[in-house]
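So the structure is just underneath, and the comments pick up after that.
By convention here, the first residue in the shown sequence is residue 1. Because the structure is a prediction, the values reported are computed rather than measured.
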Amino acid sequence: MKNIILLFLGGALLLASCKSEKKPAINIDSVASAKGTEVFQPEWDNIATHYRFPEWFTDAKFGIFIHWGVYAVPAFGSEWYPRNMYLKDSHEYNHHIVTYGEHTRFGYKDFIPMFKAEKFDAAEWAALFREAGARYVVPVAEHHDGFSMYDSDLNKWNSVKMSPGKDIVGLLKQAVENEGLVFGLSTHRAENAWFYNGGMEFPSDVQDTTITLYGRRYAGEHYDESFAREWLAHTYELINKYEPKLIWFDWTVNNPVLMPYFNKFMAYYYNNALDWGTDVAVNTKHGYPTHIQVWDVERGKSGKMMKYPWQTDTSIGKHSWSYVEGEENKTPEQIVHDLIDIVSKNGNLLLNIGPKADGTITDEQKSVLLNIGKWLKTNGDAIYGTRHWKKFGEGETESTKGAFTDNTASLYTAQDIRFTVKGNDFYAIVLNWDDNGVTVKSLDQNAIADAKILKVQMLGSDEEIAWTTTNEGLKLSFPKTKPCDYAWAFKISFDKPVGENLPDEASDEVTK
């Protein structure tokens, strides 16, 4: 009995000593991985020498973005509610007083206990994303509001230590990877530094500097070395804990104070990816070369085909990234058209949803996702694993281009066609229907040259397609029955890659 007691006491002491052990501090002064890998260094020339864009990314084409956090509780205005609620005379400010009372009695922090996520089911979400045809998923790990949706050792304002008591990012990573999808994440920690500066006149809330949820409260988009080091430590933590294959950033990481630290982040991330045995992607909007990370366009598209892979991030909702009551959503047809245009220009589409505070996704946004998935089940061969051709397409309708332009749908005709290729297969995706057929002008006899057409079909249709090569282009008939509701893809199989004699229109110039 005495030996049993001693054994028990020894085990208890060992357990206590293990619990009291501090986790090793994050060393942000090093870019070496946990295994000591230091191939990448924080200089652009060095990164360009070693970096390669992930094949999984250039094959995937379509991903899901998720803006979900405490801001889903008020569900008013947008995900910027936590900032705007403190700006006098704003709609959010007035709404807050009427709905919740004076800011000095009910601040943004007081929404946290109301964020219960009681109906959140990570497996259900991941299954929906797979059914939608997405190949990667990017939840927001922390938005501008400073509330971490993961188990952070550096930020006590997080979804594990506070309501809803769940590691949302960790649960999504497991569920997403169980569905065979690639897991990434976004962090907006940089914007938290100044996000609440408009609320500094509220002494019992934002002005209380013990409430670190509210960041540094800097005036404007101001940064200093102290914050830059803090930002880097938080970013290293995400890499170490969750090993994401993609990390997305908002615009202010191009700030001159942050930029040297961002370069260190890239080197550290890429070194760790070497240890993981995978290629990873970083997304930024401005300021960084397009051959060392993926250029991202918010709510818009590139107007031309790009030499290096790039990405559009946009939302199903037209007015907010997060769930808000009364949201107006885009149609599946508009989003599919944008996906096709983006892919033809060597890009990917990262499409956002905004779940409710209880963890449910609205029926309307589910319907949009499932209809996109339905289109991709028929036409995915023209999207997944494809590459851009010598030119992205043809037609007289000018598609929207540039950031913040994609709420308006482009009105395409049957003469508006987008191209992708995969080996010897050429895909001509026609953006409207014409019973009389269509001529693909870019596939004239000069482009086809000595290549031979082996087969022509429309994806999803068993009907025979009549085709004729002419000096004006390749004439194609439409089948009698439409295989899908919009955007029809012709698959033209050649005996070798077509258009090798044509100049490549791809550009490495970033359109701002």
Side-chain angles (χ1 to χ4, degrees), residues 50-65 126 129-138 173 176-186 243-248 269-270 273-274 276-283 290-297 301-302 305-314 335-351 369 372-390 392-393 418-429 459-460 487 489 491-493 497-498 504 506 508:
H50 302 289
Y51 182 69
R52 61 184 183 187
F53 291 95
E55 286 292 316
W56 70 257
F57 182 81
T58 50
D59 286 344
K61 307 303 182 187
F62 180 45
I64 298 294
F65 211 179
F129 303 150
R130 179 182 51 76
E131 193 67 17
R135 295 295 175 88
Y136 58 106
V137 179
V138 183
K173 174 183 170 65
V176 162
E177 292 180 343
N178 284 346
E179 290 289 349
L181 308 179
V182 175
F183 175 79
L185 55 79
S186 83
E243 297 187 7
K245 291 187 179 179
L246 179 150
I247 307 181
W248 187 100
Y269 185 36
Y270 293 162
L274 291 176
W276 303 339
T278 188
D279 293 323
V280 297
V282 171
N283 295 153
T290 57
H291 62 300
I292 63 172
Q293 53 81 50
V294 177
W295 173 54
D296 184 271
V297 185
K301 298 178 291 186
S302 173
M305 187 165 63
M306 302 303 296
K307 178 179 179 181
Y308 302 109
W310 62 280
Q311 180 176 261
T312 285
D313 73 283
T314 193
I335 295 168
V336 166
H337 280 166
D338 284 342
L339 171 65
I340 295 163
D341 187 55
I342 290 163
V343 170
S344 73
K345 296 171 181 173
N346 198 26
N348 283 23
L349 172 61
L350 183 61
L351 180 67
L369 291 178
I372 295 170
K374 180 182 177 182
W375 186 88
L376 282 166
K377 283 178 181 177
T378 300
N379 299 282
D381 194 37
I383 300 294
Y384 302 126
T386 61
R387 296 295 182 264
H388 62 86
W389 191 50
K390 299 291 183 175
F392 70 83
R418 296 295 181 265
F419 308 136
T420 60
V421 294
K422 188 187 299 178
N424 296 344
D425 294 326
F426 181 99
Y427 300 91
I429 310 173
L459 296 182
K491 180 178 181 179
I492 305 154
S493 299
V498 69
D504 195 331
D508 59 0

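- For Y136, the ring-ring contact (aromatic ring centres under 6.0 Å, His included) criterion is met by W56, F57, not counting sequence neighbours.
- When all heavy atoms are compared, the tightest approach of A60 to R135 is CB-CB, 3.5 Å.
- One finds the OH atom of Y384 at 10.5 Å from the CG atom of N379 (value rounded to the nearest 0.5 Å).
- Q311 and N348 share no donor-acceptor pair across their side chains, judged by distance under 3.5 Å alone.
- The two residues H291 and Y51 come nearest to each other via the heavy atoms O-CD2, 3.8 Å.
- A pairwise comparison of heavy atoms in D508 and T290 identifies O-OG1, 3.8 Å as the closest pair.
- Panel note: side chain Y308, backbone I292; no donor-acceptor pair is recorded below 3.5 Å.
- E55 has a carboxylate O that lies under 4.0 Å from a charged side-chain N of R387, or vice versa, which qualifies the two as a salt bridge.
- With contacts defined as side-chain heavy-atom distances shorter than 4.5 Å, the pair L369/I64 qualifies.
- Checked by atom type and distance alone, the side chain of N346 pairs as donor or acceptor with a backbone atom of M306 at under 3.5 Å.
- The aromatic ring centroids of F426 and W389 lie less than 6.0 Å from each other.
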Full working for side chain to side chain contact (heavy atoms under 4.5 Å, CB included) between L339 and L351: CA-CA 10 Å; L339 171 65; L351 180 67; over 6 Å; no
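- Of the inter-residue distances, the one linking D504 atom CG with M305 atom CE reads 5.0 Å to the nearest 0.5 angstrom.
- The shortest non-hydrogen separation linking A506 to H388 is CB-CE1, 4.0 Å.
- Every side-chain hydrogen bond (donor to acceptor under 3.5 Å, both in side chains) that D341 has, sequence neighbours left out, goes to K301, K345, S399, R418.
- Closest of all the heavy-atom pairs between S302 and W310 is N-CH2, 3.3 Å.
- A side-chain donor from one of Y427 and D381 sits under 3.5 Å from a side-chain acceptor of the other.
- The minimum heavy-atom distance linking A489 with A382 is given by the pair CB-CB, 4.0 Å.
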Chi angles and distances behind the side chain to side chain contact (heavy atoms under 4.5 Å, CB included) call for V280, I247: CA-CA 8 Å; V280 297; I247 307 181; over 6 Å; no
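- The distance from atom OG of S344 to atom CD1 of I429, rounded to the nearest 0.5 Å, is 7.5 Å.
- The distance from atom CZ of F53 to atom OG1 of T58, rounded to the nearest 0.5 Å, is 9.5 Å.
- Two residues are said to be in side-chain contact when any heavy atoms from C-beta on lie closer than 4.5 Å; T312 and D338 fail this criterion.
- A salt bridge between D279 and R52 is present, with a side-chain N of the basic residue lying under 4.0 Å from a carboxylate O of the acidic one.
- Side chains of V343 and T386 form a contact here, defined as non-hydrogen atoms less than 4.5 Å apart.
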Q293 and Y270: side chain to side chain contact (heavy atoms under 4.5 Å, CB included), yes or no, with the steps? CA-CA 11 Å; Q293 53 81 50; Y270 293 162; 3.9 Å; yes
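- No donor-acceptor pair under 3.5 Å is formed between the side chain of K377 and the backbone N or O of E131.
- Residue-environment remark: NZ (K422) exceeds the threshold of 12 foreign heavy atoms within 6.0 Å.
- No donor-acceptor pair closer than 3.5 Å links the side chain of T420 to the backbone N or O of I383.
- Evaluated for a side chain to side chain contact (heavy atoms under 4.5 Å, CB included) with V137, the options L350, V176, V182, L185 yield exactly one hit, V176.
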Determine, stepwise, if the pair N283 / L246 fulfils side chain to side chain contact (heavy atoms under 4.5 Å, CB included). CA-CA 8 Å; N283 295 153; L246 179 150; 3.5 Å; yes
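- Looking at W375, its side chain does come within 3.5 Å of a backbone N or O of A487 through a donor-acceptor pair.
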